[in-house]
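A short worksheet on the structure shown next.
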Amino acid sequence: MFKTLKEDIEVVFEQDPAARTYLEVILTYSGLHAIWAHRIAHPLYKRKFFFIARVISQISRFFTGIEIHPGAKIGRRLFIDHGMGVVIGETCEIGDNVTVFQGVTLGGTGKEKGKRHPTIMDNALIATGAKVLGSITVGENSKIGAGSVVLKDVPPNSTVVGIPGRVVIQDGIRIGKDLDHCDLPDPINDRLKELELEIEKLKIELKGATLERSKVSGH
């Protein structure tokens, strides 16, 4: 157990250049606090002390802004950066060396029973505001772009962006158009552009009809 706690601290120094001292990390990193609270709540949950486990998780949520259901399975060296707004569901499974940024949801899609939350394999990264929903798998070494909504399995060694999420890089090979975090699809903006094109088309048709009417009137 002590080894696991030490690893939780070490991964903060590896992932966050702002981390300076052990005391600072232990006292001020809410992601670390949430993970440690879960490491207490999860064994209690497995022993069917459901109420106590939920109380611990809710206290942790109150102080950290991070909600991890005590039933979730979390591997070694999970790093939650900033963390506010992170939600991890009951049947979620997270492997080793995973990074999760603020605003991430690893949730379900409805009221289905059984395994209803995602499985995140080793070395995956889930960027700010991403939503990974349902009983799907994010493969090893994969990255989910900021703001993406992922509803299908992600192959290993892939980068996924967009709403709905789609693979743009797999095994180092670009698939289709690659998108940066600042260039994610905007369905509202796309629809507005479509409306602008339709308006321009109507203007041209109206102008043509007016010219025809003028010609008829001139004769």
Side-chain angles (χ1 to χ4, degrees), residues 1-16 19 21-138 140 144 149-151:
M1 184 66 175
F2 178 77
K3 179 182 178 182
T4 301
L5 299 180
K6 188 171 183 291
E7 286 180 340
D8 291 335
I9 297 173
E10 289 174 346
V11 74
V12 174
F13 285 101
E14 293 174 12
Q15 297 282 356
D16 188 357
T21 67
Y22 279 95
L23 184 63
E24 176 189 19
V25 170
I26 293 171
L27 294 181
T28 67
Y29 274 68
S30 59
L32 182 64
H33 300 159
I35 292 168
W36 281 356
H38 179 76
R39 297 207 187 283
I40 297 171
H42 183 63
L44 292 170
Y45 189 85
K46 289 199 301 182
R47 291 174 173 80
K48 301 187 184 301
F49 294 108
F50 301 128
F51 177 74
I52 297 175
R54 287 306 300 268
V55 168
I56 292 171
S57 71
Q58 289 304 299
I59 292 173
S60 172
R61 176 177 180 263
F62 178 81
F63 284 105
T64 67
I66 299 167
E67 181 173 348
I68 307 177
H69 192 286
K73 298 177 182 178
I74 291 179
R76 297 170 47 233
R77 298 169 57 83
L78 170 65
F79 177 55
I80 301 178
D81 197 6
H82 298 292
M84 180 62 69
V86 168
V87 177
I88 299 176
E90 178 184 12
T91 62
C92 186
E93 298 179 31
I94 299 177
D96 298 335
N97 300 301
V98 171
T99 299
V100 173
F101 287 87
Q102 68 270 21
V104 165
T105 298
L106 305 178
T109 57
K111 296 181 180 179
E112 64 271 24
K113 302 292 185 180
K115 182 71 167 72
R116 59 190 185 280
H117 299 104
T119 296
I120 312 298
M121 303 300 285
D122 296 349
N123 307 308
L125 182 148
I126 318 294
T128 304
K131 315 300 177 189
V132 184
L133 307 176
S135 182
I136 61 176
T137 299
V138 175
E140 293 182 1
I144 308 299
V149 177
V150 183
L151 303 172

Heavy-atom pair of closest approach, residues Val104 and Leu106: CG1-CD2, 3.9 Å
Salt bridge flag under 4.0 Å for residues Arg77 and Glu7: no
Criterion side chain to side chain contact (heavy atoms under 4.5 Å, CB included) on Trp36 and Ile26, from CA distance to verdict: CA-CA 10 Å; Trp36 281 356; Ile26 293 171; 4.3 Å; yes
Ile144 and Phe101, any side-chain heavy atoms less than 4.5 Å apart: no
Heavy-atom neighbours of Phe13 CZ exceed 12 at 6.0 Å: yes
Point-to-point distance, once rounded to the nearest 0.5 Å, from NE2 of His38 to OG of Ser60: 10.0 Å
Min side-chain heavy-atom separation Ile66-Ser30 under 4.5 Å: yes
Of Ile120, Ile94, Asp8, Leu32, the residue whose pairing with Leu78 passes side-chain contact (heavy atoms from CB on, under 4.5 Å): Ile94
Taking every non-hydrogen atom, the tightest pair across Thr99 and Gln15: OG1-NE2, 3.6 Å
Heavy-atom side-chain proximity of Arg39 to Ile74 below 4.5 angstrom: yes
Note, Pro70 side chain near Arg54 side chain (heavy atom, < 4.5 Å): yes
Flag, side chain of Thr91 to backbone of His117, donor-acceptor distance under 3.5 Å: yes
Contact summary for His42 and Ala72, nearest pair of heavy atoms: ND1-O, 3.2 Å
Side chains of Ile56 and Tyr45 in contact at under 4.5 Å (non-hydrogen atoms): no
Chi angles and distances behind the side chain to side chain contact (heavy atoms under 4.5 Å, CB included) call for Val25, Asp16: CA-CA 10 Å; Val25 170; Asp16 188 357; over 6 Å; no
Closest contact, heavy atoms only, Lys115 versus Thr119: NZ-OG1, 3.1 Å
Minimal non-hydrogen separation, Gly129 against Lys131, with atom names: O-CE, 3.3 Å
Phe79: ring pair (Phe, Tyr, Trp, His ring centres under 6.0 Å) partners, not counting sequence neighbours: none
NZ/Lys46: more than 12 non-hydrogen atoms of other groups inside 6.0 Å: no
Side-chain heavy atoms of Ile126 within contact of Val150, under 4.5 Å: no
Nearest heavy atoms of Val12 and Tyr29, plus distance in Å: CG1-CE2, 3.6 Å
Under 3.5 Å: donor-acceptor pair, side chain of Arg61, backbone of Ser57: no
Residue pair Leu151 / Ile136, side-chain heavy-atom distance below 4.5 Å: no
Sub-4.5 Å side-chain heavy-atom contact between Asp122 and Asn97: no
